[in-house]
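Data block below; observations after.
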Amino acid sequence: MIDKILMRSKFRGTLLGALIGDCCGAPFEGQIMDSGTKLVLKNNLDRLEGPFFKAPYKKYTDDTAMTKCVANTILDSKGFSQTLLAKNFVVEYFKDPRRGYGAAVVDVFAKLRNTKIADPTGPAAAQFGGTGSYGNGAAMRISPVALFCANRNKQELVQLVRDSSLVTHSNVLGVNGAILQALAIHQCLQLNPKDMFDRKQYISQLKADIAALESANDPDLDANSNAYMNQLHAMEQLLEDKVESNDENVLNTLGHSVEALYSVPTAIFCFLKCLSGTINDSPQLSFRSTLEYAISLGGDTDTIASMASSICGAYFGDAIISKNLIKHCEDADNMIILADRLFDL
Ligand code: AR6
Ligand code: MG
């Protein structure tokens, strides 16, 4: 059983993890992560966690901007609707467009605005010749849905994730990536970090949930019919050292791109890899190492670090996150308020 104090801390940890991963990962997006850059990253994080200094905020990107939109839509007095979510995305984007949005998703915002949101999922469904986006943009913003569904059953969670994803991402890989990320957080919320973490059980549960999602696919008609199951299997092989988990193997199998299929399992892997032996190690180190390791893999660093750190925050709660690091991230106070409001809901 998770008591109320711990659960509130887990809600804060989830949203702060998402924010911190985004803010700290953004400067490294697309960089070659050689040993020199990794050292810069380490020194950078050490400095942010060290004695507080007045400094410009680390700015957040579209990951956090859209996470806030999802949270505010759930918290709206009229409750969640796709039309309200679309409106919140549009208002946020046109107010502050320079947040590093995906190259194609901005067309969805323009069409939603031009049509006065006549059909909140229509523009997303028309993306990429009608195949829809398989980017990780639905997964990167999903943490408030996982929090809202903390005490709800999985069918409700899957439905709400799907509804919220379809406003921008209609490709099944984009949607299922968001579902997997939400399930990874949802499961962590139910676990007590004082107990021994059962990694095998955690992965088995994710696999069972994904099997239920992918079972309807026909492998003869769909090359991606078992796409996420295959990635979870590859992730497990790396964690069990059946395949050496050096960066090259991790990137070749799990990936670090803007595609949901090649970034959501990577984020879960980062959390699980850095958790090993947690009962003996310090939890503080687990959060920091998850953050640093996720960024060190390069590619879509802000989004992968945001997703990985959010899962880690959901498991441990916010007490293990460096207070000084939190203070350096833009709008952290507001993220805590949103987490508390979702908790009170
Ligand atoms: N066919 C071909 N390419 C595709 C397809 C498809 N069906 N779907 C996606 N892509 P987008 P996001 C490629 O624009 O998912 C930001 O940094 C295509 O190149 O929907 O919201 C965020 O922080 C497209 O531009 O954006 C995220 O980290 C790209 O995938 C990341 O970008 C992204 O899809 C993705 O954000
Ligand atoms: Mg990103």
Side-chain angles (χ1 to χ4, degrees), residues 17-31 33 58-70 85-86 88-90 92-94 96-112 120-143 145 161-162 164-182 222-224 227-228 254-267 270 291 294-310 329-330:
L19 171 73
I20 293 167
D22 180 18
C23 288
C24 296
F28 293 90
E29 191 173 7
Q31 286 202 36
M33 297 304 290
K58 289 208 89 69
K59 300 261 288 175
Y60 63 72
T61 74
D62 58 330
D63 303 59
T64 302
M66 295 185 89
T67 300
K68 291 204 283 183
C69 291
V70 173
L85 182 63
N88 287 341
F89 284 156
V90 167
E92 170 63 34
Y93 172 69
F94 285 100
D96 197 359
R98 294 161 66 107
R99 290 278 185 187
Y101 284 87
V105 75
V106 298
D107 299 338
V108 174
F109 303 142
K111 281 190 200 161
L112 286 170
T121 59
Q127 289 288 86
F128 298 99
T131 58
S133 173
Y134 49 58
N136 55 23
M140 73 186 183
R141 64 179 191 237
I142 210 61
S143 52
V145 174
V161 175
R162 197 168 269 142
S164 75
S165 299
L166 290 176
V167 173
T168 52
H169 289 67
S170 72
N171 189 289
V172 67
L173 293 178
V175 176
N176 284 355
I179 293 173
L180 178 58
Q181 172 66 12
D222 180 1
N224 286 315
Y228 281 99
L254 301 181
H256 64 175
S257 78
V258 296
E259 294 182 31
L261 183 61
Y262 300 112
S263 55
V264 177
T266 315
C270 292
L291 174 69
I295 300 171
S296 79
L297 290 176
D300 193 4
T301 45
D302 51 346
T303 296
I304 296 173
S306 177
M307 295 191 293
S309 305
S310 184
C329 294
E330 181 186 5

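Both backbone and side-chain heavy atoms feed into the values below; hydrogens, waters and symmetry mates do not. Counting starts at 1 for both ligands and their atoms, following the listed order.
- Under the 4.0 Å criterion applied to side-chain N and carboxylate O atoms, Glu92 and Arg141 are not assigned as salt-bridge partners.
- The Mg ion (ligand 2) has no N, O or S atom of Met140 inside 2.8 Å of it.
- Here the shortest heavy-atom pairing between Pro123 and Leu112 reads CG-CD2, 3.7 Å.
- Here the OG atom belonging to Ser309 is positioned 7.5 Å from the CD1 atom belonging to Ile20, to the nearest 0.5 angstrom.
- Between Thr168 and Met66, the shortest heavy-atom distance links the atoms CG2-CE, 4.3 Å.
- The CD atom of Gln181 sits 7.5 Å away from atom OG of Ser143, with the distance rounded to the nearest 0.5 Å.
- Aromatic ring pairs are classed by plane angle as parallel below 30°, tilted from 30° to 60° and perpendicular above 60°; the pair Tyr134 and Phe128 is parallel.
- Protein residues are said to neighbour a ligand when one of their heavy atoms lies under 4.0 Å from it; for ligand 1 these are Glu29, Asp62, Asp63, Gly100, Gly102, Ala103, Ala104, Val105, Phe128, Thr131, Gly132, Ser133, Tyr134, Gly135, Asn136, Gly137, Met140, His169, Val258, Asp300, Thr303.
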